[in-house]
Structure formats: C-alpha cells, structure tokens
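Basis for what follows: all heavy atoms, side chains included, without hydrogens, waters or symmetry-related copies.
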Amino acid sequence: MSSVNRFSFLRTLSFRLTLWYGVIFSLLFCLAFFFFYVFITNNLMQRLDNSLAEKISEFEAIYNLQGIEDVKAAALAESQAAGEKKIFLRLLYASGVAFSSSNMSYWHQIGINRDAVGRLVEGGSNVYETLTLPGRADRVRIVYGIIGRGVVVQLGYTMENDTAFIGIFKKIFLLTMFVFFLTAVLVGWFMARRALSGVEAVTRTARQISETDLSRRVPVPARHEEVDRLAVTFNQMLDRIEKLVTGIREMSDNIAHDLKSPVARIRGLAELSLSGTTGATDEQLAANSIEECDRLLDMINTMLMISKTDAGAGDLKIIKVNISEEIRRAVALFSPLAEDKGLLMICEVPDRLILEGDLKLLQRAIANLIDNAIKYTSAPGKIDIRVFHDKENTEKIHVIVKDNGVGISDQDLPKVFNRFFRCDQSRATGGSGLGLSLARAIARGHGGDVDVESTIGKGSIFTLSLPIFPPLQS
Ligand code: ADP
C-alpha cells in the first residue's frame with residue numbers, strides 16, 4: 001500500500017469529524033475541570049485563612065488577659081502540639097524585629113516581610129501571603145496579625161494538604177481525561193460513520209453505475225433528512241441522465257437508419273449508371289441522384305435549424321404576423337393534397353389575429369403539423385384547424401390541428417418530439433422524423449410550445465401555443 005493510500009483516511013470526513021468531536025469534547029472537559037480546580041483550591045485556601053485568623057484572635061485574647069509571656073508560652077505549645085514542621089510562630093515588634101519564636105530550624109529560609117508588617121501597623125487587617133520554598137514540594141501560607149499595641153504575630157502553616165489534594169486531583173484528571181477522550185473518539189467515530197453511511201451508499205451506487213448500468217438507484221430509507229434529500233436528488237439526476245442517454249441512443253439509431261436509406265439509394269443509382277444495364281437514361285439517373293441528395297440535404301439542414309433554434313442561436317426575424325392569414329394560406333396550399341387523399345379539411349379562424357414572430361419559421365411549424373395530419377389520416381378522414389386566443393391568458397394564441405387518423409400509442413406519445421423518432425406504423429410513410437422536433441424548437445424559440453393528445457386508432461390533436469409578444473432575445 002502506498003503511503004498516499006495508507007494515510008488517505010486522515011483526509012476522510014469521518015476522521016476529521018471524529019477529531020473535531022474529540023478535541024472539542026476534551027477542551028470542554030479541561031475547562032470544566034479547571035473551574036472545579038479553581039473552586040476547590042480557593043475553598044481550601046479560605047478555610048486555612050479562617051483557621052489562621054482564629055489563631056491570631058486567640059493570641060490576641062491571651063495577650064490582653066495574661067500578657068506577652070503567656071503568649072510566648074502558648075505559641076510554643078501550639079507549635080509543639082501541631083508539629084514543628086507544620087507550623088511556626090514569630091512575635092515581632094512593630095518595627096518588624098523578632099523578639100520571640102517557635103523552633104525555626106526547619107523554617108530558617110523564611111524571613112520577615114517588613115512591607116506586610118508596615119501595612120499592618122498602619123491600621124490594616126491581617127495580611128496573608130503564600131511562599132514557595134526552594135527544594136520543598138509544599139508551599140507555606142503565612143499570616144501577619146496585630147495582637148496588642150506594638151506586638152505582631154507572624155504565623156506560618158504548611159499547605160501539605162493542598163499539595164496532597166492537587167496530586168490526587170491530577171491523577172483523577174488524567175485518568176478520567178483519558179477515559180473520556182477515548183469514549184469521545186469512539187462515540188464521535190460511530191456518529192460520523194452513521195451520519196455518513198447515506199453518503200457512502202450514494203458513492204457506492206455512483207461507482208456501480210459507472211462500472212455497470214444506469215438503471216441502479218440509491219436506496220432511500222428514512223434516515224437523516226439531509227442524506228435522504230441527497231439520495232433523492234441523486235436519483236432524480238440519474239433519471240434525467242438515463243433518459244438523456246436513452247434518448248441519444250435512440251436518436252443515433254434513428255439517424256443511422258434514416259440516413260442509411262438515401263445514401264444506399266444514391267449508391268444504387270450510381271452503380272446502375274456504371275453498369276449501364278438499366279433502361280433509364282443518364283439524365284434520369286442523375287435527376288434521381290439529385291433528388292435523393294436534396295432529400296439528404298434537406299434532412300441535414302432541418303437538423304441544423306433545430307439545433308440552432310434549440311440553442312437560441314438562430315436569430316428570429318421578428319415581424320408582425322397575421323396568424324389567421326397564414327393558416328388560411330397553408331390550408332389553401334395543402335387542400336389539393338387532402339382532397340386527393342379523400343380528406344375533408346375544415347378551417348375555423350378569425351379574420352385577423354396578430355402576433356409577433358418569425359414568419360418563415362412559423363409557416364414551417366404550421367406546415368409540418370398540417371402535413372402530418374394529412375399524412376397520418378386515411379380517407380374518409382377529417383382535419384380540423386382552428387386558431388383562437390387563450391381564454392385565461394389573452395396574451396397567448398393557440399393553433400389546433402386535429403385529425404381522426406391513425407393516432408399515436410401512449411408508449412410513443414412522449415417520444416414524438418424527439419429528433420428522428422418515427423412511430424413504427426409510420427415507417428412506411430415518407431418522412432424524416434424531424435418535423436415535430438422542428439415545430440417544437442420553433443415554438444419554444446418564440447416562448448411557446450407544441451403539445452399533443454392522441455388516442456391510437458382515433459386521431460390526434462396538436463396544439464401550437466404562441467405568445468403574442470415573444471420574449472426578448474439575448
Ligand atoms: P415525420 O417526418 O415522420 O412525419 P415528425 O417529426 O413530423 O416526422 O413526426 C414524428 C412521428 O410522429 C411520425 O413519424 C408519426 O409516427 C408521428 N405523428 C406525427 N404527427 C402525427 C399525426 N398527426 N397522427 C399520427 N401520428 C403522427
């Protein structure tokens with residue numbers, strides 16, 4: 001395993017979440033312990049100060065009642081009773097000079113804080129200080145207090161209880177800190193894995209899709225809102241991609257199929273011309289070739305026009321168009337064809353309906369719809385063409401082309417606007433499968449659309465909807 005792979009987990013979201021969780025948890029834990037520590041040590045110090053102040057009061061009482069000699073005796077007795085390594089006493093003049101003390105051999109490092117004595121003599125209350133002696137673990141708490149006129153007591157007490165407490169506290173802190181950190185990391189890891197399991201499922205499916213097929217979907221069990229939404233969005237995206245890929249596949253099949261026939265026919269004509277076995281003249285063969293080439297060119301031009309209109313690249317030449325007039329013209333143009341087929345064509349349009357649009361493109365869209373209606377209806381059929389304002393939105397005009405021809409199956413209906421799509425039953429009829437996609441591209445280019453309703457065997461209704469004013473082109 002390369003070092004990049006070995007350490008790649010360090011970059012994973014699970015690891016980083018776990019680390020954050022562990023660090024934040026530990027910091028909070030340290031903070032809580034710190035406050036607890038400060039609270040406890042302050043409390044201990046307060047208690048020690050209170051007992052030192054009590055001792056000063058006791059000496060003051062002895063001094064007032066019995067005099068300085070009794071104070072000296074009491075101080076000696078006090079230090080011997082508590083232990084000479086625990087407590088010491090000095091009796092000082094107001095000048096800070098000692099005139100009596102307990103056994104100070106253990107406390108020889110401790111001097112007299114004249115500043116504290118000065119403050120005391122000036123009328124302050126007891127003065128406290130804490131000293132750390134070199135080479136000793138335990139600190140010393142010292143109080144200076146006045147017990148009579150010009151007599152000061154310096155009383156010191158070892159803080160060994162505090163040192164013991166802090167030692168135990170440190171051990172407990174480190175142990176619990178370790179246990180808590182471990183728990184935090186495990187819980188954090190578990191939670192991060194759980195939270196990200198949905199994301200993993202999406203990743204797994206994405207990998208399988210790239211390796212196998214597009215029909216797989218991410219399971220969406222109700223887990224966490226966000227992950228569910230990700231899975232649903234991912235699945236919707238897959239639906240769209242699958243549809244697109246299927247569409248492209250179908251389109252390329254259709255292109256191959258539809259371009260193959262004219263090319264094969266042109267080749268056949270060229271072969272015939274070369275072999276000279278046909279009865280047709282060279283002129284006839286050339287004319288046939290030109291006709292096939294024109295058909296091919298027409299298909300290619302239509303494809304280009306659809307692409308340009310779809311992409312909004314084909315600049316529309318917007319002018320005012322009397323759509324009623326255009327429909328009447330188209331009906332007049334197609335009537336002979338319809339009559340030849342034995343079809344009845346009915347046209348119901350108001351005198352004048354003006355909209356803004358590209359005249360040539362609109363003519364082409366309308367012609368495609370009427371041409372289809374004639375092509376896919378057999379005698380004695382009826383084709384009904386109407387134009388009117390939308391009842392709810394008068395800014396819109398609808399052109400309806402209705403026939404009672406072969407109709408379109410439910411399965412084919414969503415595909416009829418795809419490029420090169422032709423329903424199976426229409427393959428025998430001439431056509432390229434581009435007419436409806438061009439009509440829709442033109443309608444959409446004008447800010448409108450073409451829709452279809454159809455029942456197989458009964459007929460179809462195509463609705464071309466156009467706004468009176470097309471949206472401004474970018
Ligand atoms: P085509 O050149 O084949 O007519 P279109 O894009 O115009 O191509 O139409 C696509 C397919 O939709 C047609 O091949 C046909 O099967 C179906 N279709 C279009 N119009 C009608 C209609 N009026 N009635 C039945 N089927 C239709």
Side-chain angles (χ1 to χ4, degrees), residues 29-63 71-94 96-148 151-178:
F29 181 77
C30 286
L31 207 69
F33 247 76
F34 173 74
F35 283 124
F36 182 61
Y37 172 80
V38 170
F39 174 76
I40 294 283
T41 46
N42 275 345
N43 220 282
L44 284 175
M45 186 77 90
Q46 195 58 51
R47 285 175 63 183
L48 181 60
D49 287 354
N50 288 345
S51 80
L52 290 175
E54 259 174 42
K55 288 269 176 283
I56 296 285
S57 306
E58 277 173 27
F59 287 127
E60 191 179 2
I62 295 171
Y63 179 77
V71 172
K72 284 182 193 171
L76 214 62
E78 182 74 38
S79 84
Q80 280 168 354
E84 285 171 355
K85 287 187 178 175
K86 275 199 170 173
I87 192 168
F88 73 85
L89 287 116
R90 269 193 187 124
L91 294 174
L92 319 166
Y93 293 120
V97 176
F99 63 87
S100 175
S101 71
S102 59
N103 183 0
M104 292 297 286
S105 54
Y106 186 72
W107 304 106
H108 62 92
Q109 291 160 297
I110 295 178
I112 294 161
N113 184 343
R114 287 182 194 275
D115 188 42
V117 177
R119 268 187 280 151
L120 196 62
V121 173
E122 273 168 25
S125 50
N126 292 347
V127 178
Y128 296 88
E129 65 177 5
T130 305
L131 294 183
T132 307
L133 302 179
R136 298 234 189 122
D138 307 332
R139 290 177 305 158
V140 188
R141 185 71 172 163
I142 294 170
V143 60
Y144 292 88
I146 288 191
I147 57 167
V151 183
V152 173
V153 172
Q154 182 199 29
L155 177 59
Y157 200 87
T158 172
M159 291 173 74
E160 62 185 15
N161 286 349
D162 283 26
T163 317
F165 168 77
I166 290 165
I168 294 170
F169 189 87
K170 266 187 194 157
K171 273 186 204 147
I172 293 175
F173 170 76
L174 287 175
L175 197 79
T176 39
M177 176 76 192
F178 176 72

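- Here Phe88 contributes atom CZ and Leu155 contributes atom CG; the two are 7.5 Å apart, rounded to the nearest 0.5 Å.
- Smallest separation of non-hydrogen atoms from Phe173 and Cys30: CZ-SG, 3.9 Å.
- Between Ile146 and Val121 the shortest heavy-atom distance is CD1-CA, 4.0 Å.
- By the side-chain contact (heavy atoms from CB on, under 4.5 Å) test, Leu133 pairs with Trp107, Gln109, Ile110, Arg136, Val140, sequence neighbours left out.
- Looking at heavy atoms from C-beta onward, Arg139 lies out of side-chain contact with Thr163 at the 4.5 angstrom threshold.
- Atom OH of Tyr157 and atom CG of Leu52 lie 8.5 Å apart (nearest 0.5 Å).
- The shortest distance between side-chain heavy atoms of Glu84 and Tyr106 does not fall below 4.5 Å.
- Considering only heavy atoms from C-beta on, Phe169 comes within 4.5 Å of Phe36 through its side chain.
- You'll find the side chain of Ile166 reaches within 4.5 Å of the side chain of Tyr37, heavy atoms only.
- Atom CD1 of Ile40 is separated from atom CZ of Phe165 by 5.0 Å, given to the nearest 0.5 angstrom.
- The two residues Gly148 and Tyr63 come nearest to each other via the heavy atoms CA-CE2, 3.3 Å.
- Taken to the nearest 0.5 Å, the OG atom of Ser57 stands 7.5 Å off from the CG atom of Asn126.
- Side chain of Gln154 to main chain of Gly111: a donor-acceptor pair is present (N/O by atom type, distance under 3.5 Å, no hydrogens or angles).
- In this structure Phe99 satisfies the side-chain contact (heavy atoms from CB on, under 4.5 Å) test together with Ile68, Lys72, Leu91, Tyr93, Val151, sequence neighbours excluded.
- Counting all heavy atoms, side chain and backbone alike, Arg90 lies closest to Ser101 at CG-CB, 3.6 Å.
- In this structure, the side chains of Lys85 and Thr158 stay at 4.5 Å or more apart for every pair of heavy atoms.
- The shortest heavy-atom contact between Ala53 and Tyr128 is CB-OH, 3.5 Å.
- If you run side-chain contact (heavy atoms from CB on, under 4.5 Å) between Met159 and each of Leu131, Asp138, Thr130, only Thr130 comes through.
- Here the closest heavy-atom approach between residue Ala98 and residue Ile112 is recorded as CB-CD1, 4.1 Å.
- Rounding to the nearest 0.5 Å gives a distance of 11.5 Å between OG1 of Thr41 and CD of Gln46.
- The salt bridge (Lys or Arg N to Asp or Glu O under 4.0 Å) analysis of residues 34-59, with sequence neighbours excluded, yields the pairs Asp49-Arg141, Lys55-Glu78.
- Note: Phe29 and Phe33 meet the aromatic proximity criterion, with ring centroids under 6.0 Å apart.
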